[in-house]
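The block underneath contains the structure these notes are about, expressed in C-alpha cells.
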Number of protein chains: 2
Amino acid sequence: MTDTAPVRAARLSDVARLAGVSAATASRALNGSDRGVRDVNRQRVLEAAKTLGYTTNIAAQAVARGRSRGVTLVVKGIPDDFANPIIAGVVGATQRRGLPFTLVSAGPGPADLVEAVNLARSHRPEILMITGGRATDDATVPDLVEALQSYEAEGGRVVLITQEGLPFDTVAYANRKGGYDLAQALVGLGYREFAVVSGMEHGMTQRDRTEGFMAGLADAGIELSADRILIGEFTRDAAYAKTGELLRRKIPVEAIFAVNDAMALGVLTFLRDTGSADQVAVAGFDDIKALRDVTPSLTTVHLPWEQVADKALALAVSPREGSPRTEIVEGHVVVRESTPPLYR
Amino acid sequence: MTDTAPVRAARLSDVARLAGVSAATASRALNGSDRGVRDVNRQRVLEAAKTLGYTTNIAAQAVARGRSRGVTLVVKGIPDDFANPIIAGVVGATQRRGLPFTLVSAGPGPADLVEAVNLARSHRPEILMITGGRATDDATVPDLVEALQSYEAEGGRVVLITQEGLPFDTVAYANRKGGYDLAQALVGLGYREFAVVSGMEHGMTQRDRTEGFMAGLADAGIELSADRILIGEFTRDAAYAKTGELLRRKIPVEAIFAVNDAMALGVLTFLRDTGSADQVAVAGFDDIKALRDVTPSLTTVHLPWEQVADKALALAVSPREGSPRTEIVEGHVVVRESTPPLYR
DNA sequence: CTGAAAGCGCTAACAC
DNA sequence: GTGTTAGCGCTTTCAG
C-alpha cells in the first residue's frame, strides 16, 4: 500500500535544488517577469518543476510581493436562477488576459456589501471590482467609500460596475436614456396607456430607468400618474404578483414596462396565465440571453454585456487618473413580438 | 490636497502596538480559533483593528498556516450567461458556512481542466471542488487524477461534482435512472415513436441519460434505432439545428428527448418556429429554474440542485474515509405541458 | 547572469 | 493568559 502520511507540496527550493541552481534563479525562471536567466538554467528549472509537480504557492507569492495578482469581483445578490451576465463577462475577460479571478459574494443586507468588500480586501488583489445594485438611501455608503478609498491608498485599483456616482472608476449603463428611448419606441408603435412595474423604491437602477421612461412619455405628451407605477421586489415573482394587482384595479393599460427582463417575464407569465397576453404589451430591460426563447419574444433594451467587463478591466489596468472616470455603456431598443404595433 | 503616496495597509503588528499587546495576542483575538485572551485585551485589539481599518492579510495567513481556508471551485465550461445552478449552489452553501469561496474557470479544451486544477492547487485551499462534464475518451484524465492525488497527499480535500468514476469523493446525478424513468413516463402517456437529441458523442452525462432512456423504452418493448439519436453539441443552438435535420429526414416522431433542458429549449423553439409545436412532444433533463416560464412548460427530470452543493460540502468537511465515497442524487420526472397525453 | 540574505505579514510552539 | 522566537514559501535587493 502507498504511504498515506501527509506529504508536503514541492517548494521552490526543491525545484531549485533538483535543477542545481539557487532559489532566486528558480524564482526568476518560473515566475519572475524579468528576463535574466541563462537558457540552460531556465530549461533545467522548468523541467525540475515538471517532474516535481510543482505549483507556485500563490499565497506566499502574494505575501512576498505585497499584492496578489488578478481581480476579485464582489457581487451583491447572486440570484439562484437567472443568469448574471456581468459575472460571466468578467470571468471571460480575465481569462482572456490570463488573470486569476476570484469571486466574493455579498449577502442581501445593505451592510453585507461593506463586509464582502473587506473580505475581498483581505485578499489584497491588484484589482477589486464591485457590481450589484445600490439603494439611493443606503446608509452604509460612507463606510463603503471609506473601505474602498483605503484600499486604493494601499495601491489597489477599484472599478465599480453599475454603482454609479461614487468617487471611483465606474462602468455604468445609460439607464435613463434606455428608458427614454423605450418609451418613445412604444409610443411610436401606437401605445398610449402605460404602467410601470418597478423594483424597490430606492434602487438607483430602476429609478433611472423609470425616470427615463417617464421623460420619454412626457416628451410625447403622455403623463404617467403615480398609481400606474407599481413598486415591489426586483424579482420575477414580485412582478407577477404586482401585475395581478394592477389589472384588478381596472386601470386601462395597453403596455407594461418592467424595469428588467426578469420582471418582464413575471408580467408576461401572469398575463398568459390569465389569458390576457394578447391584450397587453410588455417590455423589459437588459436583453438577457436566457430569455431569448420566451413567447412572445420580449421587447427590451439591449445592453452590450460583453463590453461591460472589457471596459471595466481596461479601466482597471490603465494608470489611474486624477479624478475618477466613468464609462457609460449605451443600450438600444429591440422591438419584438411582445409589443406589436397598435392600430387604433 | 491629500497625499497620494502609497500608504501601506495596517498590519497585525500595528494593531498590536496600538492595543498595547503582542502580535501573538492580537492574532489570537482576531483570527485564532482558540480562546485564551483576556476580555479586556480582546476588546482593545478589536477596537484598535477597527480604528486602523485592519483587514487580515489572507495570503500571509495562508502561508503561515500552510493552507488557505475555504473552497475553490473549478468549473469547466462556464456558459455565457452564468446560469449554472451548481455554481450558485456552492456559492450559497459556502456562504452559509462562512467559508471563503473562490472560482476558477477552465477553458473549453480537454487539457484546460488540468491546467485550471493546477491553478486552483496553487491557492492551496482546504477544499477543491470540480464540476463540469467530462468525455469518456478524455486522454487527460490520468493527468487530472495525478494532480488531484498529489493534492490530496498534501492534505487537501477533493470533491468531484458530476465527474463520476474517478477515485475521489463524488456527488453525481442518477442520470441513467432519470432517463429510464422519463422513458417510462412518456410511454405511459401514450408515446411510441421517439428520437433523442444528445450532446457530443463521448460525454458521460449525455451517454448515461441516453442509455437510461433507451433502457426504459426497451423495457416497454420499444427499440430506438440509431438513426433516431442525433449527436451534436451540448447547446441550445445545436439542438435547434439537429431538430431540423431530424424532421427533414421524415422519420415519424411523436416525442423528442433532449438530454438537457437547454437543448430541449432549442428543440421546442425549432418546433414552434416551424409550426409543429403541437405535433411533437418534447422532454428535457435538469429542470433549470430559468426555464420555468417557457410555453409550453417543459416536461423534464427535476434535479435537486440545492442538495448537490450541500452534499459536496458535507463530504468535504467530513473526515476522509479509506475509499472514495459517491453520493448519488436522484431526480424525478415532472410531467408538464410539453408532453400532453397521447390518445391513439 | 546568479547567489546570499533579508524580509513580506502572520501563526504556532514554547516558555514564562 | 501572554510574549518570544522561529519559521511558512516566495521575491528582491545587493553583491559578485
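By convention in this document, chain letters (A, B, ...) are assigned in the order of the sequence lines, proteins followed by strands, and residues within each chain are numbered from 1.
Other residues, nucleotides and ligands place no more than 12 heavy atoms under 6.0 Å from the CD atom of E47(A).
Under the salt bridge (Lys or Arg N to Asp or Glu O under 4.0 Å) criterion, E115(B) pairs with no residue at all, not counting sequence neighbours. Every salt bridge (Lys or Arg N to Asp or Glu O under 4.0 Å) that R11(B) has, sequence neighbours left out, goes to D14(B). With sequence neighbours excluded, the residues satisfying ring-ring contact (aromatic ring centres under 6.0 Å, His included) with Y173(B) are W305(B).
To the nearest 0.5 Å, atoms CD (E327(B)) and CG (D310(B)) are separated by 11.0 Å.
Here the side chain of K311(B) pairs no donor or acceptor atom with the backbone of A172(B) at under 3.5 angstrom.
Comparing V21(B) and R124(B) against DNA chain D, the residue whose closest nucleotide sits nearer the 5' end is V21(B).
Put simply, T25(A) has a side-chain N or O that comes within less than 4.0 Å of OP1 or OP2 on dG3(C). The phosphate of dT11(D) (OP1 or OP2) has a side-chain N or O of S27(A) nearer than 4.0 angstrom. Taking side-chain N and O atoms only, N41(B) has no distance below 4.0 Å to OP1 or OP2 of dG1(D). Side-chain N/O atoms of N31(A) include none lying less than 4.0 angstrom from OP1 or OP2 on dC10(D).
Rounded to whole Å, atom P of dG9(D) lies 11 Å from atom CZ of R67(B). D39(A) has its CG atom 10 Å from the P atom of dT2(C), to the nearest Å.
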Under 3.5 Å, which protein N or O atoms sit close to an N or O of nucleotides 13-16 of chain D? Give each pair with its distance.
none

Show each protein N/O and nucleotides 6-8 of chain D N/O combination with a separation under 3.5 Å, one pair to a line.
| residue | atom | partner | partner atom | Å |
| --- | --- | --- | --- | --- |
| dC8(D) | O2 | A64(B) | N | 3.2 |

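Annotation: side chain of V171(B) is in contact with side chain of L315(B) (closest heavy-atom distance under 4.5 Å).
Legend: salt bridge (Lys or Arg N to Asp or Glu O under 4.0 Å) pairs involving residues 157-169 of chain A, not counting sequence neighbours, sorted by first then second residue: R157(A)-D169(A), D169(A)-R325(A).
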